[in-house]
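Index from 1, following the sequence. Only heavy atoms go into these numbers, but all of them, side chains included; no hydrogens, no water, no symmetry mates.
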Amino acid sequence: QVQLVESGGGLVQSGGSLRLSCAASGGTFSIYTIGWFRQAPGKEREFVAGITGSGTTTRFGDSVKGRFTISRDNAKNTVYLHMSSLKPEDTSVYYCAASLLRWPVRAITREYDYWGQGTQVTVSS
């Protein structure tokens with residue numbers, strides 16, 4: 001079983017950048033596909049980005065394509081979500097999750113087995 005902890009959230013102005021981290025412990029990190037999701041108040045949880053265990057394949061939600069990138073460092077058991085050109089509509093709680101379904105990158109919450117507690121990102125206009 002793997003435990004996930006997100007960090008790096010905060011308040012940023014529109015057009016700014018943030019880097020979120022997802023640190024894992026308790027499992028063989030490189031076997032997991034890691035996904036980032038976000039959820040705003042009153043809305044469903046939305047897929048943001050994901051990366052396979054090897055880091056060779058990524059996938060992005062339509063709303064963040066071209067603005068967000070994802071990477072991982074398996075030696076540090078960490079996945080990073082690099083967010084740029086942030087917009088107020090990116091304001092959400094961001095969660096990372098781990099899936100044993102290795103490929104392709106899954107975009108559905110029920111296909112992820114373990115979840116972190118989330119980190120708040122607020123983008124001011």
Side-chain angles (χ1 to χ4, degrees):
Q1 185 170 348
V2 64
Q3 293 81 43
L4 304 172
V5 178
E6 303 94 337
S7 62
L11 174 64
V12 63
Q13 288 189 332
S14 182
S17 299
L18 276 177
R19 187 184 76 167
L20 304 184
S21 298
C22 173
S25 62
T28 304
F29 183 65
S30 61
I31 71 172
Y32 292 98
T33 288
I34 300 295
W36 283 96
F37 292 78
R38 65 187 183 186
Q39 188 167 22
K43 295 189 177 181
E44 292 188 353
R45 196 163 291 191
E46 173 191 18
F47 174 76
V48 175
I51 187 167
T52 53
S54 64
T56 56
T57 302
T58 59
R59 180 178 179 180
F60 296 91
D62 289 342
S63 61
V64 306
K65 283 180 181 176
R67 300 188 297 122
F68 291 12
T69 61
I70 187 171
S71 62
R72 68 189 294 158
D73 184 340
N74 285 343
K76 296 182 178 180
N77 287 0
T78 303
V79 168
Y80 304 98
L81 182 68
H82 309 262
M83 307 186 295
S84 61
S85 301
L86 283 163
K87 306 174 182 180
E89 50 264 44
D90 293 317
T91 296
S92 282
V93 177
Y94 284 71
Y95 300 89
C96 67
S99 173
L100 287 168
L101 300 173
R102 302 191 186 188
W103 188 89
V105 176
R106 311 304 171 119
I108 302 174
T109 57
R110 66 173 181 268
E111 294 184 321
Y112 284 80
D113 306 286
Y114 306 103
W115 291 82
Q117 293 300 306
T119 186
Q120 175 71 46
V121 172
T122 302
V123 184
S124 63
S125 58

note = Here the pair of heavy atoms bringing C22 nearest to L4 is SG-CD2, 4.0 Å
Heavy-atom side-chain proximity of S124 to L11 below 4.5 angstrom = yes
task = Return yes if some donor-acceptor pair links the side-chain N/O of T52 with the main-chain N/O of T57 below 3.5 Å, else return no.
result = yes
query = Would you call L101 and T33 a side-chain contact if the rule is heavy atoms closer than 4.5 Å?
reply = no
message = With rounding to the nearest 0.5 angstrom, report the CZ to OG distance, R19 to S7.
response = 8.5 Å
inquiry  = Could you tell me if S92 and E46 have a donor-acceptor pair between their side chains, going purely by distance under 3.5 Å?
reply    = no
task = Please confirm whether the backbone N or O of S17 pairs with a side-chain atom of S84, one donor and one acceptor, at under 3.5 Å?
result = no
request  = For N74 and S54, indicate whether the former's side chain and the latter's backbone hold a donor-acceptor pair under 3.5 Å.
outcome  = no
ask   = Under 4.5 Å between any side-chain heavy atoms of F68 and L86, yes or no?
value = yes
task = State the CZ-OG1 distance between F47 and T109, to the nearest 0.5 angstrom.
result = 11.5 Å
inquiry  = So V64 and R38, do their side chains get closer than 4.5 Å, heavy atoms only?
reply    = yes
inquiry  = If you compare all heavy atoms of V121 against all heavy atoms of M83, which two are closest, and at what distance to 0.1 Å?
reply    = CG2-CE, 3.9 Å
query = Between I70 and V79, is any pair of side-chain heavy atoms under 4.5 Å apart?
reply = yes
remark   = Output for pair (S30 OG, R102 CZ), nearest 0.5 Å, gives 7.5 Å
query = Are side-chain heavy atoms of E6 and W36 found at a separation under 4.5 Å?
reply = yes
inquiry  = Please tell me whether L20 and V93 are part of a single hydrophobic cluster in this structure, the criterion being side-chain heavy atoms less than 4.5 Å apart.
reply    = no
query = What heavy-atom pair brings A49 and L81 nearest, and what distance separates the two atoms?
reply = CB-CD1, 3.9 Å
request  = Report yes if some heavy atom in the side chain of Y80 is under 4.5 Å from a heavy atom in the side chain of D73; otherwise report no.
outcome  = yes
task = Determine, stepwise, if the pair Q3 / V5 fulfils side-chain contact (heavy atoms from CB on, under 4.5 Å).
result = CA-CA 7 Å; Q3 293 81 43; V5 178; 5.7 Å; no
key: Non-hydrogen atoms of L100 and I31 that approach each other most closely   = CD2-CD1, 3.8 Å
inquiry  = Angle between ring planes, Y32 versus Y114, binned at 30° and 60°: parallel, tilted or perpendicular?
reply    = perpendicular
Minimum side-chain heavy-atom gap W103-T56 below 4.5 Å = no
task = Sequence neighbours left out, what pairs pass disulfide (SG to SG under 2.5 Å) with at least one residue falling in residues 36-79?
result = none
ask   = Which atom pair, heavy atoms only, marks the closest approach of Y112 to I34?
value = CE2-C, 4.2 Å
request  = Mind telling me whether F37 and W115 have parallel, tilted or perpendicular rings, with 30° and 60° as the class edges?
outcome  = tilted
request  = Check whether any side-chain N or O of R67 sits under 3.5 Å from a backbone N or O of S85 as a donor-acceptor pair, and report yes or no.
outcome  = yes
request  = Compare every heavy atom of A98 with every heavy atom of V2, then report the nearest pair and how far apart it is.
outcome  = CG1-CB, 4.0 Å
task = Flag the pair D90 and K87 as a salt bridge only when some basic side-chain nitrogen lies within less than 4.0 angstrom of an acidic carboxylate oxygen.
result = no
Within one Ile-Leu-Val-Met-Phe-Trp-Tyr cluster: I51 and V105, side-chain cutoff 4.5 Å = no
query = So how far is it from R72 CZ to F29 CZ, rounded to the nearest 0.5 Å?
reply = 4.0 Å
request  = Give a yes or no on this: more than 12 heavy atoms of other residues, nucleotides or ligands lie within 6.0 Å of atom CD of Q117.
outcome  = no
